[in-house]
Undergrad: 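Once you've had a glance at the structure underneath, I'll fire off some questions.
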Amino acid sequence: MTDHPQDLAPLRRRLAEFAAARHWQPYHTPKNLAAALSVEASELLEIFQWLTPEQSARVMTDPDTAHRVRDEVADVLAYLLQFCEVLDVDPAAALEAKIERNESRFPVPGEPEGRAPEG
Ligand SMILES: [Mg+2]
């Protein structure tokens, strides 16, 4: 997997400017953006709908399917970022808090709670 560190703030601003220039803000209510996010997540799922687990693991080897996957990932992220914009949610902070909660809820088997794995 390639590592592409990317600050999401400039993308968030660009999406907000894109919507504002087209006077789309009245449509960008939290409810509408949550619905749009769900629709785009379903479009991503549709690509995998009838594939076997093995076929689904190979989708990125077909250029057309890989393009569709990237396109739907972009749609999902775009609506998630716009949703975060209108509700003033910091998605990275929310994710970090969630990971920390999950690390506490689901300790590594065999590791004493609160101790980082060695290695
Ligand atoms: Mg789409």
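Whatever order the structure lists them in is the order used to number ligands and atoms, beginning at 1. Position 1 is the first residue of the sequence, and the numbers go up from there.
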Undergrad: Counting only heavy atoms not in Glu46, do more than 12 sit closer than 6.0 Å to its CD atom?
TA: no
Undergrad: Check whether more than 12 heavy atoms from other residues, nucleotides or ligands sit under 6.0 Å from atom CZ of Arg105, and answer yes or no.
TA: no
Undergrad: Counting backbone and side chain alike, does Glu72 bring an N/O/S atom below 2.8 Å of the Mg ion (ligand 1)?
TA: yes
Undergrad: In Glu43, which N, O or S atom comes closest to the Mg ion (ligand 1)?
TA: OE1
Undergrad: Check whether any side-chain heavy atom of Glu72 lies under 4.5 Å from a side-chain heavy atom of Arg68, and answer yes or no.
TA: no
Undergrad: Please find the N/O/S atom of Glu40 nearest to the Mg ion (ligand 1) and write down its name.
TA: OE1
Undergrad: Could you tell me which non-hydrogen atom of Tyr27 sits nearest to which non-hydrogen atom of Asn32, and how far apart they are?
TA: O-ND2, 2.8 Å
Undergrad: Can you tell me which N/O/S atom of Asp75 has the shortest distance to the Mg ion (ligand 1)?
TA: OD2
